Amino acid sequence: MTTTSTISPTTHRMSERLTVAPGPKGTPIVGNTLAFVRDPRGTVMAWARQYGPLVRFQLGPMVVHLVADPEHVRQVLQTNSDNYYKAARMSFLTDFLGESLLTLEGRRWRQRRRLAQPAFHKDRLAEIADTMNAGARRLVARLESRADSGQAFDVHAEMMRLALGVAGEALFGVDLSTHAEEVGRALPLILDHILGRMNALVPLPLWLPTPANRRYRAAVDRLAAHVLGLLRDFRGGRVRPCGLLALLMEARDADTGQALTDEQLRDEVMTLILAGHETTAGALTWTWWLLAQHPDCAARLRAELSAVLGDRVPTAADLPRLQYARNTVYEAMRLMPPLWVIARTPIADDTIGGCHIPKGSMVLLAACATHRDPAHWDDPEAFDPDRFSP
C-alpha cells in the first residue's frame, strides 16, 4: 500500500508531502537484503510485477528504488542525468578500468565521449565486419567435428573466446584470445572477481591482502602492463597501430586539440576489452539457447540467411536485408539483457513518478523488468522476434 510521510528535500517546500513508493516490507536492520541477495534478478522482476515499475526497498540501512518505467529511466539517464552519478558500490570498477567512459562522470565524461566518438562512427564500425566474419569462420571450423559427432561443448566459453578474439583484432589487429597468454589467464579471473564483488552482501575492501584480492590485483597488473606494452610499441613505431586503437590515438579534442595520453588510452582499451566481449558473449549465448528452445524460429532464421546470402559470407551492407536476424537478436536481448541492471546514486533529492527519491540512496534501473513489463509488451514472457518487425 502506498503511504505518505512529511519529508523536507532541498528542492521542495518544508510543508510539502511527498509520496513514498510501494515496496516489500523488510526486517529490522537487514531490510530486504536476504531476499535480494538470494536471487537479485528474479527478486527484482517479482517485485516489479507485484508493486509496479517503481519499487522502494532496503538493503540494510540503504534505501533503494527499483526503476523500470521507460520514462522514469529516461529521467535518470537523460533529462536529469546531472543529478545521478554512478553508484558508490560500483566504484571498485575504477580500480580495474581507471578513468574511462565507463567510470567518469559529468563534464569529464562528456569531454572523453566527444574525443572518442569519431572512432565509433557507423562507417568505421562497418570496417570490422571482415574481422567478425573471420572469427566466425574459425569458430565454425573448430566446432564442425563436434557437430558431426554430436559431442557436447560449452557454448558460453566458445562465445567468450570468439568475442575476445574479435574485440582484440578490432582494437589492436591481434587476436587477444591466443596472442597473449597473460590476457587469456587474466580476464576470466578479473571477471569472476568483479561479479563476486557485485553480488557480495558485504564486499571486502580491495586493499585487504586476501588470496582472492592478491590474485585479482596480479591479474589486473598483468593485463594493464600488456596493454601499455602494446601502446609503447605503437608509439615507438615498432608496430603499426590499427583498428579502433589507431583511431583513438589519432583523435583530437575539437576545442583544445588535446589527444588521449597513454594512461587514458590504457583505461579506454581495458574498458573496451571488458565491455566489448563479455556482454557480447552473453547476448550470443542466450540467443543460441532461445533458438534451441524455438526450432521454428531457428528454421526461419536459416531460411532468411540462405535467401539473402546464399553461400557467401555477410557484409555490413547486408544488414538491412537481414531483418529476421536483427529481430532475433533484439528479442533475445529483450528477454535476457546482458546488463540487466544499472546502479545510480542521486546527489540531490528528486521526485520520480510523484515519489520521493532521497539523495545518497541507490536507484536500480532494471532492464530485466522494463523489458517484460506487460504495460509495454504484449505477451512479454514469450520469445517472439516478429514483435520487432515494422
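Index from 1, following the sequence. Model, not experiment: these values are computed from the prediction.
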Seminar exercise, completed: For M362 and L364 the tightest heavy-atom approach is SD-CD2, 3.7 Å
For this session: Considering non-hydrogen atoms only, spot the tightest contact between L231 and R266 and give its length.
Result: CD1-N, 3.8 Å
For [X], I'd like to know if atom [atom1] has over 12 heavy atoms of other residues, nucleotides or ligands within 6.0 Å.
X: E263; atom1: CD; value: yes
X: R108; atom1: CZ; value: no
X: L208; atom1: CG; value: yes
X: D296; atom1: CG; value: yes

Name each donor-acceptor pair under 3.5 Å that joins a side chain in residues 62-76 to protein atoms two or more places apart or in another chain, with its distance.
from	atom 1	to	atom 2	distance (Å)
D69	OD2	E71	N	3.0
D69	OD2	H72	N	3.4
E71	OE1	R74	NE	3.4
R74	NH1	Q78	OE1	3.2
Q75	NE2	D350	OD2	3.0
Q75	NE2	T351	O	2.9

For this session: Go through the steps to decide whether R41 and M336 satisfy the test side-chain contact (heavy atoms from CB on, under 4.5 Å), and finish with yes or no.
Result: CA-CA 11 Å; R41 186 174 178 275; M336 298 295 187; 3.5 Å; yes
[Y] and [X], any side-chain heavy atoms less than 4.5 Å apart:
X: L189; Y: R215; result: yes
X: F388; Y: T328; result: no
X: R214; Y: P209; result: yes
X: T345; Y: S361; result: no
X: V20; Y: H356; result: no
X: L143; Y: F153; result: yes
X: R312; Y: D318; result: yes
X: H376; Y: H371; result: no

Exercise. Can you list the steps and then say if E268 with R112 is a salt bridge (charged side-chain N to carboxylate O under 4.0 Å, His left out)?
Worked result: CA-CA 10 Å; E268 295 301 343; R112 183 68 60 83; 2.6 Å; yes
For this session: Check the pair R217, D221 against side-chain contact (heavy atoms from CB on, under 4.5 Å), reporting the backbone distance first and the verdict last.
Result: CA-CA 6 Å; R217 169 55 59 197; D221 289 345; 3.4 Å; yes
Exercise. What residues join L319 in its hydrophobic cluster, counting side-chain heavy atom gaps under 4.5 Å, either direct or through other members?
Worked result: none
Exercise. Between W377 and R372, is there a cation-pi geometry (under 6.0 Å to ring centre, at most 45° from the normal)?
Worked result: no
For this session: Under the side-chain contact (heavy atoms from CB on, under 4.5 Å) rule, what do L335 and L290 come out as? Steps first, then yes or no, please.
Result: CA-CA 9 Å; L335 283 170; L290 287 163; 4.3 Å; yes
For this session: Would you check, one step at a time, whether the test side-chain contact (heavy atoms from CB on, under 4.5 Å) holds for V363 with Y84?
Result: CA-CA 9 Å; V363 171; Y84 289 90; 4.0 Å; yes
Problem set entry | Pair D148, S145: side-chain N/O donor-acceptor within cut-off below 3.5 Å | no
